[in-house]
Amino acid sequence: MVYYYKIDLKKGNFILSEHDADEHAVFLEYFDVEFLRRMVENRFINSTLECLDYLRGDLEVEGGIDVENYYSLSKVIVNRSFKTDFEIVKQRYYVHVLPQKKGYLNMSQAPTNEFYIDTKGETGEFKTKFTKKEIEVFKEMPSLKGINFDECLEEVEDDEW
């Protein structure tokens, strides 16, 4: 089976396409998708030009990507789409602030986006599972400065999605 993805640089993620919107999209192997994911999730990279600069920099360092991967990934970035033979699952994390059942960071949905501590159960009103990119933004928020995010992350297990 082939999976087609669009790249959303603003949100730093991949969007599974419901149909083969671009059958000429570049096919990526797992290693290339992981490289692309790290680049797209980087909070300092928000545009096509910044992605291309990042790729060029990795091409120029010893042990970086090779020329063939450089051209493939450049085409992927410019077209903002690719295909692969596996489904991409975006890893999410709980932020377990206090060592108890009601010790997880919760965020109310927009427009308020207020934080509080409660269980890890997620509802339509409250979010408890976050991506690395979201957590990187949290680290910069003055209201959350007392949380050591690197010490209190728990991976969301497959059966908890």
- [ ] Rounded to the nearest 0.5 Å, what's the gap from CD1 on Ile117 to CD on Gln100? Could you check?
- [x] 9.0 Å
Task: Close side-chain approach of Lys127 to Met107, heavy-atom, < 4.5 Å - done: yes
TODO: List for me each residue that meets side-chain hydrogen bond (donor to acceptor under 3.5 Å, both in side chains) alongside Thr131, sequence neighbours excluded, and say none if there are none.
DONE: Glu134
Task: Cluster check Ile45, Val78: I/L/V/M/F/W/Y, side chain < 4.5 angstrom - done: yes
TODO: To the nearest 0.5 angstrom, please state how far the CZ atom of Phe86 sits from the OH atom of Tyr30.
DONE: 7.0 Å
Open item on the list: Is it the case that atom OH in Tyr71 sees more than 12 heavy atoms from other parts of the structure closer than 6.0 Å?
Closed with: no
TODO: Say whether, by atom type as modelled, one donor and one acceptor occur between the side chain of Ser108 and the main chain of Glu114 under 3.5 angstrom.
DONE: yes
Open item on the list: Applying side chain to side chain contact (heavy atoms under 4.5 Å, CB included) to Val76 and Leu36, what does each step give before you reach the verdict?
Closed with: CA-CA 9 Å; Val76 166; Leu36 184 63; 3.7 Å; yes
Open item on the list: Please find the pair of heavy atoms, one from Asn106 and one from Tyr104, that lie closest to each other, and give the distance.
Closed with: ND2-O, 2.9 Å
Task: Side chain to side chain, Val40 and Asn13, heavy atoms closer than 4.5 Å - done: no
Task: Under the salt bridge (Lys or Arg N to Asp or Glu O under 4.0 Å) test, residues paired with Arg37 that sit two or more places apart - done: Glu34
Open item on the list: Working to the nearest 0.5 angstrom, can you tell me the gap between Leu98 CG and Asp118 CG?
Closed with: 11.0 Å
Task: Tyr5 to Ile88 - nearest heavy-atom pair and separation - done: OH-N, 2.7 Å
Open item on the list: Do Val33 and Leu16 sit in one hydrophobic cluster, given that two such residues count as connected whenever their side-chain heavy atoms are within less than 4.5 Å of each other, even indirectly?
Closed with: yes
- [ ] Report whether Met1 and Val26 are members of the same hydrophobic cluster (ILVMFWY, side-chain heavy atoms less than 4.5 Å apart, transitive linking).
- [x] yes
- [ ] For the pair Glu154 and His96, evaluate side chain to side chain contact (heavy atoms under 4.5 Å, CB included) and give the outcome as yes or no after the intermediate values.
- [x] CA-CA 7 Å; Glu154 292 179 5; His96 197 172; 2.5 Å; yes
Task: Within 6.0 angstrom of Glu29 CD, more than 12 heavy atoms from elsewhere - done: no
Task: For Lys102 against Thr119, the heavy-atom pair lying closest together - done: CG-CG2, 3.6 Å
Open item on the list: Quick check on the 6.0 Å ring-centre criterion: do Phe14 and Phe82 meet it?
Closed with: yes
Scan the side chains in residues 54-68 for donor-acceptor partners under 3.5 Å anywhere in the protein, sequence neighbours excluded, and list what turns up.
unit_1: Arg56; atom_1: NH1; unit_2: Asp53; atom_2: OD1; d: 3.1
unit_1: Asp58; atom_1: OD2; unit_2: Ile65; atom_2: N; d: 3.0
unit_1: Asp66; atom_1: OD1; unit_2: Glu68; atom_2: N; d: 3.4
unit_1: Asp66; atom_1: OD1; unit_2: Asn69; atom_2: N; d: 2.8

TODO: Check for a donor-acceptor pair, side chain of Gln91 on one end and backbone N or O of Val156 on the other, with a separation under 3.5 Å.
DONE: yes
TODO: Could you work out the complete set of other residues in the hydrophobic cluster of Phe126, with links drawn between I, L, V, M, F, W and Y side chains under 4.5 Å apart?
DONE: Tyr116
Open item on the list: I want to check something: taking the side chain as every heavy atom from C-beta on, are Phe149 and Val95 in contact at a cut-off of under 4.5 Å?
Closed with: yes
Task: Partners passing side-chain hydrogen bond (donor to acceptor under 3.5 Å, both in side chains) against Lys132 (at least two apart in sequence or in another chain) - done: none
Open item on the list: Other residues, nucleotides and ligands only: do more than 12 of their heavy atoms fall within 6.0 Å of CZ on Phe27?
Closed with: yes
TODO: Look at the side chain of Thr84 and the backbone N and O of Leu28, then say whether any donor-acceptor pair between them is shorter than 3.5 Å.
DONE: yes
TODO: Give the minimum heavy-atom separation between Lys129 and Tyr94, together with the two atoms involved.
DONE: CE-OH, 3.5 Å
Open item on the list: Show the nearest heavy-atom pair for residues Ile147 and Cys152, with the distance to one decimal.
Closed with: CG2-SG, 3.8 Å
Would you tabulate the side-chain donor-acceptor contacts of residues 136-146 under 3.5 Å, counting partners in other chains and residues two or more places apart, or write 'none'?
unit_1: Glu136; atom_1: OE2; unit_2: Lys139; atom_2: NZ; d: 3.1
unit_1: Lys139; atom_1: NZ; unit_2: Asp150; atom_2: OD1; d: 2.8
unit_1: Glu140; atom_1: OE2; unit_2: Arg43; atom_2: NH2; d: 3.1

Task: Centroid-centroid under 6.0 Å between Tyr93 and Phe130 rings - done: no
Task: Exercise: identify the closest heavy-atom pair between Cys51 and Leu9 - done: SG-CD2, 3.6 Å
- [ ] Start with the C-alpha gap between Asp85 and Tyr3, add the side-chain angles, then the distance that decides, and say whether side chain to side chain contact (heavy atoms under 4.5 Å, CB included) holds.
- [x] CA-CA 6 Å; Asp85 60 357; Tyr3 298 91; 5.9 Å; no
TODO: Show your working on side chain to side chain contact (heavy atoms under 4.5 Å, CB included) between Ser74 and Leu52 and close with a plain yes or no.
DONE: CA-CA 6 Å; Ser74 294; Leu52 293 172; 3.9 Å; yes
